[in-house]
Amino acid sequence: PNYNTHLSPFITIHRYKRHNTRNNTTVTMRTLSAAVAAVLFAPQMTTSFSVLPSSTQCHATSSLSAMTFDVDAEKNQLTVTPIATLEGTVTLPGSKSLSNRCLLLAALSSGNTRVENLLESDDIRYMLEALDTLKVPAERDASDKTSVTVTGQAGPINSPTPEEVVELFLGNAGTAMRPLAAALCMGEGKFVLDGVPRMRERPISDLIDGLKQLGADVSCVEETGCPPVTINASGLKGGKASISGKMSSQFLSSLLMASPAVDGDVTISIKDELISAPYVSLTIGLMKKFGVNVKIEGDMDGTPSFIIGADEKYTSPESILVEGDASSASYFLAGAAITGGTVTVRGCGSDSVQGDVAFANVMEQMGATVTWAPESITITRDPNTKLKGVDVDCGKIPDAAMTLAVAALFAEGPTTIRNVYSWRLKETERMKAIVAECTKLGATVEEFEDYCIIHPPKDNKVNENVVIETYDDHRMAMTFSLAACGGVNVIIHDPGCTGKTFPTYFEMLGSIAS
């Protein structure tokens, strides 16, 4: 039988990985409490349940009863049933970008730093495991899983085993791979940084080039320009580097964060253009909280230069609170705009340091009503006002721009999403993935090198029971769940991939949906 049960805590989708760094084999097991399912639901492996919030970190409140989603454990699929409206308040999990930056800066600082509201996810786990391997103390709070106290090294991170190669497996976590590759060049030791097969397809050569200009002995795979990264570090004395900012702002952010760990002045210049500049501003603002000032010469929208003086060293702020994740806010904001419900996201607002809060402005351009507060955003839409297609440069909000692709399915007229070449370099080839899945849902999509034009389905009626391939990309799963706002079942393949940044996403969505 197909049981309707209220389960608390929610039967979660767990993702366990066993890795062998040397040959890069990965064994992945995804289970929905398989032993329980085998007893309760055999022989039929489908179960329906009300999705109830269970996380200690993020939660939602709503006057509506929770939605019921179907999970097929055998097929590893979750069906998001038709959503009529989203209504309620969501407290966001911590920002992925800020969480890993805070952990690294805390490790490079003098003093102990308590990091609070740390995101619970795969990417953060990889960073914490790396710090453990490097013997940087990071004590988890037994009573609060989102708080960690890091003992700073008062300078560069040196190898705990100078005569041996330290191997770090970082999964598909770009926010761990890039910053650690830079930071470990500033100390002493031998390191190899590697990840899953997709990580071996994600370029890092621009960062490697910048580090070499500063005198580092570091390399990646020459033929691909991708990891693994091999480091033979003996400390750096400062210098100048000129790098490209066209592919990813993470390369610049990584160099900036590592620079105070060298003995001299560092100047980093952008030689072409800088994409995702708000993420760089986020990095510089966080560095300032740890006592380091970065001098900026030139226009951030042009070819700026950044100077870190030799006397700039990190000092612990003693404690730091991680903002709610603005990229994750986009799903709930878009859902309210599509359905005409009213949703408040707490954890980021007008005072946010994250560029992705600008997604709310895009929803406003489409016809939604947005109300800002320092630490929250509220969005709704008058049912008499239809969403309309927009033409937007999303170079500064590439992650949230994915959510716009699904909102476009419910707009009048085409939507053009521009300046998102970086989609092609993310957890999957996101441009191809978005084109494929939007097409399945009934849209006509024109694909170009760094932009796409989405023509919505006729009368905005998306196709029923479409199986969304997620490509092991967390944002594909969360973004395309919103297609259910069109009154159809949407089947998400491998829903557990949300564990990368938002393990409780489907709980949160269901708790404010009806």
Side-chain angles (χ1 to χ4, degrees), residues 80-87 329-343 345 356-372 377-420 423 430-431 433-448 450-466 468 475-476 478-490 509 513-514:
V80 183
T81 45
I83 295 174
T85 190
L86 294 183
E87 195 83 31
S330 70
Y331 313 119
F332 305 106
L333 298 177
I338 294 166
T339 64
T342 300
V343 170
V345 293
D356 273 356
V357 294
F359 178 80
N361 296 329
V362 178
M363 292 295 96
E364 192 168 44
Q365 290 178 47
M366 296 186 79
T369 301
V370 179
T371 303
W372 293 85
I377 306 171
T378 300
I379 192 166
T380 189
R381 178 177 59 82
D382 186 324
N384 295 319
T385 301
K386 292 185 177 181
L387 292 180
K388 58 180 181 294
V390 291
D391 187 327
V392 185
D393 183 335
C394 292
K396 294 181 178 180
I397 56 167
D399 287 344
M402 296 177 68
T403 314
L404 175 58
V406 173
L409 303 177
F410 303 100
E412 289 185 328
T415 290
T416 302
I417 304 174
R418 298 189 185 276
N419 200 14
V420 286
W423 274 0
R430 286 178 172 171
M431 182 71 82
I434 285 171
V435 170
E437 305 312 307
C438 282
T439 301
K440 285 183 190 177
L441 289 165
T444 300
V445 187
E446 300 176 67
E447 177 188 347
F448 301 89
D450 65 347
Y451 72 101
C452 64
I453 304 174
I454 300 173
H455 301 267
K458 184 178 180 181
D459 299 323
N460 302 115
K461 296 187 181 299
V462 297
N463 294 330
E464 175 86 36
N465 289 317
V466 170
I468 298 297
R475 299 208 184 280
M476 288 295 295
M478 295 184 282
T479 292
F480 280 91
S481 68
L482 297 177
C485 294
V488 299
N489 289 319
V490 178
L509 178 65
S514 66

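Residues take their numbers from the sequence shown, with the count starting at 1.
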Problem - Counterpart residues, side chain to side chain contact (heavy atoms under 4.5 Å, CB included), relative to A405 (two or more places apart) - result: I417, I434, C438, I454
Practice task
Could you tell me whether the side chain of R381 and the main chain of I338 form a donor-acceptor pair under 3.5 Å?
Solution key: yes
Practice task
Could you check if a side-chain atom of L441 sits within less than 4.5 angstrom of a side-chain atom of I468, using non-hydrogen atoms only?
Solution key: yes
Practice task
Please report the shortest heavy-atom distance between A411 and N460, naming the atom on each side.
Solution key: O-ND2, 2.9 Å
Exercise for the section: Could you check if a side-chain atom of I83 sits within less than 4.5 angstrom of a side-chain atom of C485, using non-hydrogen atoms only? Expected result: yes
Practice task
Mind listing the closest non-hydrogen atom pair of P456 and G413 along with its distance?
Solution key: CD-O, 3.4 Å
Practice task
Starting at CE of M402, measure out to CE of M476 and round the result to the nearest 0.5 Å.
Solution key: 5.5 Å
Handout entry: 4.5 Å side-chain heavy-atom contact, Y331 and L509
Key = no
Handout entry: Greater than 12 external heavy atoms within 6.0 Å of K461's NZ
Key = no
Handout entry: Which residues share a side chain to side chain donor-acceptor pair (under 3.5 Å) with E464, sequence neighbours left out
Key = N489
Exercise for the section: Flag the pair M363 / L404 as yes when at least one side-chain heavy-atom distance between them is below 4.5 Å, and no otherwise. Expected result: yes
Problem - Distance-minimising heavy-atom pair for V488 and N463 - result: CG2-O, 3.8 Å
Exercise for the section: Taking all non-hydrogen atoms of both residues into account, name the closest pair between A336 and L86 and its distance. Expected result: N-CD1, 4.0 Å
Exercise for the section: Sequence neighbours left out, what passes side chain to side chain contact (heavy atoms under 4.5 Å, CB included) with P457? Give chain and number order. Expected result: L409, A443, V462
Handout entry: Minimum-distance pair of heavy atoms, taken over all atoms of V80 and A484
Key = CG1-CB, 3.5 Å
Fill in the blank from the handout: ring pair (Phe, Tyr, Trp, His ring centres under 6.0 Å) filter on F410, not counting sequence neighbours, yields none
Problem - Nearest-0.5 Å distance that lies between atom NZ in K396 and atom CG in D356 - result: 12.5 Å
Problem - side chain to side chain contact (heavy atoms under 4.5 Å, CB included) evaluation trace for F448 with I453 - result: CA-CA 8 Å; F448 301 89; I453 304 174; 4.0 Å; yes
Exercise for the section: Using atom types as modelled and distance alone, determine if a side-chain donor or acceptor of S481 lies under 3.5 Å from a backbone N or O of M478. Expected result: yes
Exercise for the section: Evaluate side chain to side chain contact (heavy atoms under 4.5 Å, CB included) for T380 paired with T371, printing each intermediate quantity in order. Expected result: CA-CA 9 Å; T380 189; T371 303; over 6 Å; no
Practice task
Assess whether side chain to side chain contact (heavy atoms under 4.5 Å, CB included) is satisfied between C452 and M431, documenting all intermediate values.
Solution key: CA-CA 8 Å; C452 64; M431 182 71 82; 3.9 Å; yes
Practice task
Mind checking side chain to side chain contact (heavy atoms under 4.5 Å, CB included) for D382 and listing every partner two or more places apart, or none if nothing turns up?
Solution key: N384, T385
Exercise for the section: Mind checking side chain to side chain contact (heavy atoms under 4.5 Å, CB included) for A360 and listing every partner two or more places apart, or none if nothing turns up? Expected result: L333, V370, W372, I377
Problem - Any side-chain heavy-atom pair of D399 and R430 under 4.5 Å - result: yes
Exercise for the section: Going by the salt bridge (Lys or Arg N to Asp or Glu O under 4.0 Å) test, name the single residue among K458, K386, K388 that passes it with E412. Expected result: K386
Practice task
Please lay out, stage by stage, how E437 and V406 fare under the test side chain to side chain contact (heavy atoms under 4.5 Å, CB included).
Solution key: CA-CA 10 Å; E437 305 312 307; V406 173; over 6 Å; no
Exercise for the section: Identify the two heavy atoms, one from T85 and one from G341, that lie closest to each other, and give their separation to 0.1 Å. Expected result: OG1-CA, 3.4 Å
